[in-house]
Protein chains: 2
Amino acid sequence: MIYSRSAEYAIRAFVHLASVPPGKFAMAKQIAGEADIPAHFLAKILQQLARKGLLRSSKGPTGGFTLAIAPRDISLCQIVDAVDGLSDYKRCLGGRTECRDDAPCGLHDSWKRMRSSIIDYLEGTSILVVANSLEQKRRALGQLPAQEAPAPRKNGSRKKQ
Amino acid sequence: MIYSRSAEYAIRAFVHLASVPPGKFAMAKQIAGEADIPAHFLAKILQQLARKGLLRSSKGPTGGFTLAIAPRDISLCQIVDAVDGLSDYKRCLGGRTECRDDAPCGLHDSWKRMRSSIIDYLEGTSILVVANSLEQKRRALGQLPAQEAPAPRKNGSRKKQ
DNA sequence: AGAATTAAGGACAAGCATATCGGTTTTTTA
DNA sequence: TAAAAAACCGATATGCTTGTCCTTAATTCT
């Protein structure tokens with residue numbers, strides 16, 4: 001797989017957080033429940049991401065987590081980097097920690113290209129895009145009010161993108 | 001990473017095996033020594049690949065392992081499939097085991113494209129290509145006789161590709 | 001036939017990722 | 001001020017991957 005399960009959980013949590021009104025906090029337990037993620041495990045991950053500055057956290061009642069950066073400006077890459085680190089992608093598939101001149105590796109060049117492609121994918125995919133794609137699918141299935149963000153308002157001020 | 005360490009070891013062993021004369025066997029311990037792989041661990045992997053038909057094995061003195069398929073016809077994908085299985089690539093990055101209609105995932109479409117790209121890479125890269133690339137690098141470094149395959153002959157019938 | 005050598009295969013150990021549990025601190029609300 | 005609620009934090013459990021060890025079976029060579 002491209003990234004760990006922890007990173008996957010983090011991404012799913014971020015997608016969820018992208019849909020809560022700015023300024024409001026969502027509880028770890030609640031996110032875990034809705035996204036079907038082990039609660040305590042997710043809490044640890046979110047705490048870690050709060051320490052790294054991708055999330056803001058608040059204790060006590062009305063507390064929880066909220067995005068520290070706009071969904072448009074958070075890429076999958078930032079999350080994966082914060083959770084897994086990117087060292088795996090710097091390692092050479094041929095086994096050497098790095099392709100040095102005296103220890104050449106037949107895979108190095110082709111892997112280098114593939115790796116860039118993966119990194120580009122992670123960097124080029126923002127939480128906003130993923131969240132929008134998800135919302136669109138749900139609307140198509142009638143699981144959402146249609147044409148409206150999940151905020152509990154009822155009138156219809158269309159907003160695109 | 002794209003595949004497990006076991007798969008990486010297998011690929012490196014295959015690259016090594018591509019350079020032994022056809023019909024001859026190479027010992028697991030010897031491959032492990034030259035490729036810097038834990039010997040017993042590699043042996044298990046090779047035995048597994050022999051059971052799956054990618055290698056042929058022989059016991060006793062003069063025994064060892066040899067490729068059951070021409071290097072040109074073995075792709076990284078076949079090896080990774082035999083060692084890791086490909087199920088990870090069928091799984092959706094959004095977390096669901098499969099993107100069903102009633103449980104949509106915002107990542108599904110973009111990941112599908114990325115995944116195909118990775119599979120194409122693994123399928124399109126043969127052991128022969130990797131072995132040739134490695135040999136070429138070694139020649140450039142003066143670690144090989146230059147212009148000659150590592151077979152113990154001495155004349156110079158150039159062969160391309 | 002016997003000794004040496006190699007793969008085959010089972011048991012086990014170590015390390016890491018994943019997951020769970022309980023207590024502590026901070027904050028809000030009554 | 002007390003109680004409740006949430007993040008925070010450490011300890012522990014579990015499962016999988018990686019790695020080691022030892023015995024057995026098959027083959028070759030003397």
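Each chain gets a letter, A, B and so on, in the order the sequences are listed, and its residues count up from 1.
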Please report, rounded to the nearest Å, how far the [atom2] atom of [N] is from the [atom1] atom of [X].
X	N	atom1	atom2	value
A/M1	D/dC16	CE	C1'	16 Å
A/L55	D/dA6	CG	P	17 Å
B/L46	C/dA7	CG	P	8 Å
B/Q48	D/dT17	CD	C1'	13 Å
A/K44	D/dG10	NZ	C1'	6 Å
B/I45	D/dG19	CD1	C1'	10 Å
B/D36	D/dG19	CG	P	11 Å
B/Y3	D/dT18	OH	P	13 Å

Can you figure out which of [options] approaches the side chain of [X] most closely?
X	options	answer
A/R5	C/dA8, C/dT18, D/dC8	C/dT18
B/M27	D/dA6, C/dA7, D/dT28	C/dA7
A/S4	C/dT18, C/dG9, D/dA6	C/dT18
B/F41	D/dT18, D/dT27, C/dG22	D/dT18
B/P38	D/dT18, D/dT20, C/dA7	D/dT20

Within the structure shown, what part of the strands sits under 4.0 Å from [X] by heavy-atom distance: base, sugar-phosphate, or nothing?
X	value
A/A43	nothing
A/F65	sugar-phosphate
B/A39	nothing
A/K29	nothing

Ring geometry between B/W111 and B/Y89 (parallel below 30°, tilted from 30 to 60°, perpendicular above 60°):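 Ring orientation of B/Y89 relative to B/W111: parallel.
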Test item: B/T66 side-chain N/O and B/K24 main-chain N/O as donor-acceptor pair under 3.5 Å: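 Flag set: sc B/T66 to bb B/K24 pair under 3.5 Å.
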B/G106 backbone acceptor or donor facing A/K137 side chain under 3.5 Å: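 Here the side-chain-to-backbone pair does not exist.
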same_hphob_cluster(B/I127, B/V20) at 4.5 Å side-chain heavy-atom cutoff: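 Looking at the clustering, B/V20 is in a separate group from B/I127.
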Does a side-chain N or O of [X] approach OP1 or OP2 of [N] to a distance below 4.0 Å, or not?
X	N	value
A/Y9	C/dA19	yes
A/T62	C/dT29	no
A/S58	D/dA7	no
A/R51	D/dC9	yes

Rounded distance [0.5 Å steps], NE2 in B/H108 versus OG in A/S133: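 One finds 10.0 Å between NE2 of B/H108 and OG of A/S133.
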Point-to-point distance, once rounded to the nearest 0.5 Å, from CZ of B/R12 to CG of B/D36: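 Between B/R12 CZ and B/D36 CG, I get 6.5 Å after rounding to 0.5 Å.
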Along DNA chain D (nearest heavy atom to each residue), the more 5'-positioned of B/D84 and B/G63: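 Its nearest nucleotide lies further toward 5', so the answer is B/D84.
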Under 3.5 Å donor-acceptor pair, B/Q47 side-chain atoms to C/dA7 base atoms: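 Not at all, since no donor on one side and acceptor on the other fall under 3.5 Å apart.
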